[in-house]
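Order of the sequence lines sets the chain letters (A, B, ...), proteins ahead of strands, with each chain counted from 1.
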Amino acid sequence: MPRLDREFFSTSAPRLARALLGKVLVRVLDGRRLAGVIVETEAYCGPRDLGSHARGGRRSARNEAMYAQAGTAYVYFTYGMHYCMNVVCGDVDEPVAVLLRALEPVEGTDAMSVLRGPSRGGRARPVTDLCSGPGKLCQALGIDRGLNHTDLVTSPVLFLEEPTRPVRLGVRRTARIGLGNAGAWTHKPLRWVVATNPHVSKGRPPRV
DNA sequence: ATGACGATTTACT
DNA sequence: GTAAATCGTCATA
């Protein structure tokens, strides 16, 4: 399927967050394709956004990728044990990005299951537990700090594609998950969810 | 140098 | 529902 190009990513965070729903995230690992349809995203809207790592214009080694060109991956480590992946958008030096929060696995689910590790009792994980959260999807696709700054437009191992088939969408917007005190930005509807899809994160069920 | 905390997940009461 | 796990980053001194 055709890859998403630079132009696709060169927009605002809210527009990209909406546009990414239904697109396919592909990770090539050991020559195998691991892929999932994006079903949940969050927009981070620049220096004014008090929920963003770039709030107040913060710029450091950790969030440097947010300032790169559209189509760059921003992967960061958090809580001492999890990675989260963003797709950078906007212009160079403008720190705006979209957090990928959940995928519906479509290729390589067996490999994802291994990467996620055994669930309680050693049984196989339900497929809905493979990529239903920002940390989970990074673990399931083998995404870690080594992929920070990856150019999703040109990389052979991490990129985005159009879906093979049209995706049924029932899009809802809610407040973002897990923010500390983000002031007036805490409750802005900057999370996009395919509400009817069982692979969304458990953070906060969307109203249907 | 030190301490608080985080765009989370999991297990346990 | 509550708490533990676990460590890099950032603010404060």
Considering just the side-chain nitrogens and oxygens of [X], establish if one lies under 4.0 Å of OP1 or OP2 belonging to [N].
{"X": "Arg116(A)", "N": "dT10(B)", "result": "yes"}
{"X": "Arg58(A)", "N": "dT9(C)", "result": "no"}
{"X": "Ser60(A)", "N": "dC10(C)", "result": "yes"}
{"X": "Lys136(A)", "N": "dT10(B)", "result": "yes"}
{"X": "His82(A)", "N": "dT9(B)", "result": "no"}

Q: May I ask whether Leu20(A) and Val106(A) are part of the same hydrophobic cluster, defined by side-chain heavy atoms of I, L, V, M, F, W, Y residues being less than 4.5 angstrom apart, directly or through others?
A: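 Same cluster: Leu20(A) reaches Val106(A) through Ile, Leu, Val, Met, Phe, Trp or Tyr contacts under 4.5 Å.
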Q) Under 4.0 angstrom, heavy atoms only, what part of the nucleic acid is Met66(A) near: base, sugar-phosphate, or nothing? A)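 Base contact.
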Q. Hey, does Gly51(A) reach any base, or is it just sugar-phosphate, or nothing, if we go heavy atoms under 4.0 Å?
A.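 Answer is base: heavy atoms of Gly51(A) come under 4.0 Å of a base.
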Q. Are Tyr44(A) and the base of dA7(B) stacked, counting only ring centres nearer than 5.5 Å and planes tilted under 30°?
A.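 Stacked: centres under 5.5 Å apart, planes under 30°.
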Q) Relative to the 5' end of DNA chain B, which residue comes earlier, Gly180(A) or Gly133(A), by the nucleotide with the nearest heavy atom? A)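 The residue closer to the strand's 5' end, by nearest nucleotide, is Gly180(A).
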Q.
So that I know where these two stand, are His53(A) and Tyr76(A) an aromatic pair - ring centroids less than 6.0 Å apart?
A.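 When the ring centroids of His53(A) and Tyr76(A) are compared, they turn out to be within the sub-6.0 Å range.
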Q: Just name whichever nucleotide pairs with dA1(B), Watson-Crick or G-U, keeping both distances under 3.5 Å, else none.
A: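 Matched dA1(B) with dT12(C) under the 3.5 Å cut-off.
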Q) If pairing requires Watson-Crick or G-U wobble contacts with both distances under 3.5 Å, which nucleotide is the partner of dC7(C)? A)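 Its partner is dG6(B).
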Whole Å only: how far is the [atom1] atom of [X] from the [atom2] atom of [N]?
{"X": "Tyr76(A)", "N": "dT6(C)", "atom1": "OH", "atom2": "P", "value": "20 Å"}
{"X": "Asp144(A)", "N": "dC7(C)", "atom1": "CG", "atom2": "C1'", "value": "15 Å"}
{"X": "Lys202(A)", "N": "dA11(B)", "atom1": "NZ", "atom2": "P", "value": "14 Å"}
{"X": "Glu64(A)", "N": "dT9(C)", "atom1": "CD", "atom2": "P", "value": "13 Å"}
{"X": "Asn181(A)", "N": "dA4(B)", "atom1": "CG", "atom2": "P", "value": "19 Å"}
{"X": "Gln139(A)", "N": "dA5(C)", "atom1": "CD", "atom2": "P", "value": "18 Å"}
{"X": "Arg55(A)", "N": "dA7(B)", "atom1": "CZ", "atom2": "C1'", "value": "10 Å"}
{"X": "Asn63(A)", "N": "dT9(C)", "atom1": "CG", "atom2": "C1'", "value": "10 Å"}

The side chain of [X] is closest to which nucleotide in this list: [options]?
{"X": "Phe77(A)", "options": "dC7(C), dC10(C), dT8(B)", "value": "dC7(C)"}
{"X": "Leu179(A)", "options": "dA7(B), dT8(B), dA5(C)", "value": "dA7(B)"}
{"X": "Tyr79(A)", "options": "dT10(B), dA7(B), dT8(B)", "value": "dT8(B)"}

Q: Would you mind telling me which residue lines up with the more 5' stretch of DNA chain C, Met81(A) or Arg145(A), judged by nearest nucleotide?
A: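 Final value for this comparison: Met81(A).
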**Q.** CA sep, side-chain torsions, deciding dist, call: Val193(A), Val39(A), side chain to side chain contact (heavy atoms under 4.5 Å, CB included)
**A.** CA-CA 6 Å; Val193(A) 192; Val39(A) 297; over 6 Å; no
(Q) The test is salt bridge (charged side-chain N to carboxylate O under 4.0 Å, His left out); show your working for Arg55(A) and Asp49(A) and say whether it passes. (A) CA-CA 6 Å; Arg55(A) 61 189 174 280; Asp49(A) 181 351; over 6 Å; no
Q | Under 3.5 Å side-chain donor-acceptor pair for Thr174(A) and Arg191(A) | A |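 Distance-only check passes for Thr174(A) and Arg191(A).
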**Q.** Any donor-acceptor N/O pair, Arg27(A) side chain to Ile143(A) backbone, under 3.5 Å
**A.**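 No.
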(Q) Distance check, P atoms only: dA3(C) and dC5(B), in whole angstrom units. (A)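 The answer is 16 Å between these two P atoms.
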Q | Atom P, compared across dT6(C) and dT2(B): separation rounded to whole Å | A |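 Roughly 23 Å separates the two P atoms.
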